Amino acid sequence: MRVRVAVALLAGLLFGAGLALSGMIDPRRVLGFLDVAGSWDPTLAFVLAGAVGVSALGYRAARRMGHPLCATRFDLPTRTDVDARLLVGAALFGVGWGLSGFCPGPALAALPLLPPKGALFVAAMLAGMALHRALPAKS
Amino acid sequence: MTAADALRGVAGGALIGTSAALLLVADGRIAGISGIAARLLGRPDHDTPWRGAFLLGLVLGPVLYAAASGGWPAVQIEAPWPVLVVAGLLVGFGTRLGSGNTSGHGVCGLARLSGRSAAAVATFMAVAVLNVFATRHLGILP
């Protein structure tokens, strides 16, 4: 258990440092990517390429392993269907992302740098998550 | 964007990818931020300690970066308060309804070649681009 917690802490540190180094912790840079008709800033595409590339190497390694190094089994998504819930959820997220320039990772990572507006966004985000949790009839 | 920006982007992205690969290879988990954060809102269980540790690391990561590089990363929120609240609610609710966002569907899902994640990424990218076009160039909404 202690090893798993240490691994998660290290993974979180890497994620947060990566957001800071890449500049994606700054909502202005993210909005600059989304603003294709303005002075377009393609940096986010480079970040995504670097992240997906290294992450894919992890998957290649994982596929050859019977179980993770510190756990008994892999806990991966199994669903492959594209349903309305997925697309409506992604669209709602897209509206919020476009309005603010924040997705959950950078919003949390920027928390110590952006008081009090960053905290307000995170509080609203957690409220939105809690609202979803409170809704009945999850398929 | 300068060449240095692109380089920092790829390097920062590689750190994010390393985070996802580490969580997967060591613990068998997906580095999906919205899922990790949202599940901390529920009743504590045996996954609570690692989820809390990941989020603590996420918040401290930029601090570590600042200490190593000798300067805080430039960040600024331009959206006004009411817009931030609406955006936060939409991001929180939408990422749960859609089972993920830029990290879970983007970094992890695309790396797994998941069609479901690709559909989600295409949707939120397209909607966000249209949204920014509408607000910045058509003068709709805030």
Side-chain angles (χ1 to χ4, degrees), chain A residues 4-5 7-9 11-18 20-22 25-26 34-35 37 41 43 46-47 50-52 54-56 58-59 62 68-71 74-75 82 86-87 89-100 103-105 108-111 113 117 121 124-125 128-129 132, chain B residues 1 5-6 9-10 12-28 33-34 38 49-50 53-54 57-59 61-62 65 73 75 77 79 83-85 87-98 101-103 107 110-111 119-120 123-124 127-129 131-132 137:
Chain A
R4 292 181 65 196
V5 170
V7 163
L9 180 67
L13 284 169
L14 285 167
F15 206 113
L21 174 61
S22 65
I25 196 170
D26 188 351
L34 296 172
D35 188 10
D41 176 356
T43 307
F46 287 86
V47 180
V52 172
V54 176
S55 175
Y59 279 103
L69 296 175
C70 313
F74 286 101
D75 187 10
V82 176
L86 176 84
L87 298 180
L92 291 177
F93 163 58
V95 174
W97 193 33
L99 284 176
S100 60
C103 43
L108 290 164
L111 212 43
L113 309 179
K117 267 181 154 182
F121 179 89
M125 180 178 85
M129 290 174 172
H132 177 264
Chain B
M1 186 193 74
D5 287 336
V10 173
L15 285 183
I16 294 168
T18 305
S19 166
L22 173 68
L23 210 57
L24 179 73
V25 169
D27 203 20
I33 311 277
S34 50
W50 78 262
F54 181 87
L58 182 63
V59 172
Y65 165 84
V75 282
I77 299 177
V83 173
L84 273 183
V85 172
L89 284 168
L90 286 169
V91 167
F93 188 85
T95 51
R96 293 313 295 146
L97 187 66
N101 57 87
T102 28
S103 53
V107 175
L110 294 182
T123 303
F124 65 64
V127 169
V129 164
N131 185 8
V132 170
H137 301 287

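It should be emphasised that the depicted structure is a prediction, and the values quoted were computed from it without experimental measurement. Quick note on labels: first sequence line is chain A, next is B, and so on, each numbered from 1.
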Top of [options] for chain A proximity - count of heavy-atom pairs under 4.5 angstrom:
{"options": "B/L110, B/L89, B/T95", "value": "B/L89"}
{"options": "B/A14, B/S103, B/A21", "value": "B/A14"}
{"options": "B/P49, B/A20, B/A111", "value": "B/A111"}
{"options": "B/T123, B/T102, B/V91", "value": "B/V91"}
{"options": "B/V127, B/L24, B/L22, B/V10", "value": "B/L24"}
{"options": "B/L23, B/T18, B/I77, B/D5", "value": "B/I77"}

Could you tell me which non-hydrogen atom of [X] sits nearest to which non-hydrogen atom of [Y], and how far apart they are?
{"X": "A/L113", "Y": "B/P73", "value": "CD1-CG, 3.7 Å"}
{"X": "B/L58", "Y": "A/L108", "value": "CD2-CB, 3.7 Å"}
{"X": "B/V132", "Y": "A/G98", "value": "CG2-O, 3.5 Å"}
{"X": "A/F74", "Y": "B/G28", "value": "CD2-CA, 3.5 Å"}
{"X": "B/G9", "Y": "A/T43", "value": "CA-CG2, 4.2 Å"}
{"X": "B/W50", "Y": "A/A8", "value": "O-CB, 3.2 Å"}

Polar side-chain atom of [X] near backbone of [Y] as donor-acceptor pair, under 3.5 Å:
{"X": "B/S19", "Y": "A/A11", "answer": "yes"}
{"X": "B/N131", "Y": "A/V95", "answer": "yes"}
{"X": "A/K117", "Y": "B/A79", "answer": "yes"}

Options [options], ranked by heavy-atom pairs under 4.5 Å with chain B, top entry:
{"options": "A/A56, A/S100, A/G94, A/A71", "value": "A/G94"}
{"options": "A/A62, A/S22, A/C103", "value": "A/S22"}
{"options": "A/A124, A/G105, A/A91", "value": "A/A124"}
{"options": "A/S55, A/C70, A/G58", "value": "A/S55"}
{"options": "A/A37, A/A110, A/G89", "value": "A/G89"}

Chi angles and distances behind the side-chain contact (heavy atoms from CB on, under 4.5 Å) call for A/F15, B/L15: CA-CA 6 Å; A/F15 206 113; B/L15 285 183; over 6 Å; no
Side chains of A/M125 and B/F93 in contact at under 4.5 Å (non-hydrogen atoms):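 Side-chain contact under 4.5 Å: no.
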Side chains of A/L69 and B/V25 in contact at under 4.5 Å (non-hydrogen atoms):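 They are in contact (side-chain heavy atoms under 4.5 Å apart), so the answer is yes.
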A/V47/B/I16 under side-chain contact (heavy atoms from CB on, under 4.5 Å): CA gap, chis, key distance, verdict: CA-CA 9 Å; A/V47 180; B/I16 294 168; 4.2 Å; yes
I need the [X] [atom1] to [Y] [atom2] distance, nearest 0.5 Å.
{"X": "B/F54", "Y": "A/L14", "atom1": "CZ", "atom2": "CG", "result": "9.0 Å"}
{"X": "B/F124", "Y": "A/L86", "atom1": "CZ", "atom2": "CG", "result": "10.0 Å"}
{"X": "B/N101", "Y": "A/F93", "atom1": "CG", "atom2": "CZ", "result": "4.5 Å"}

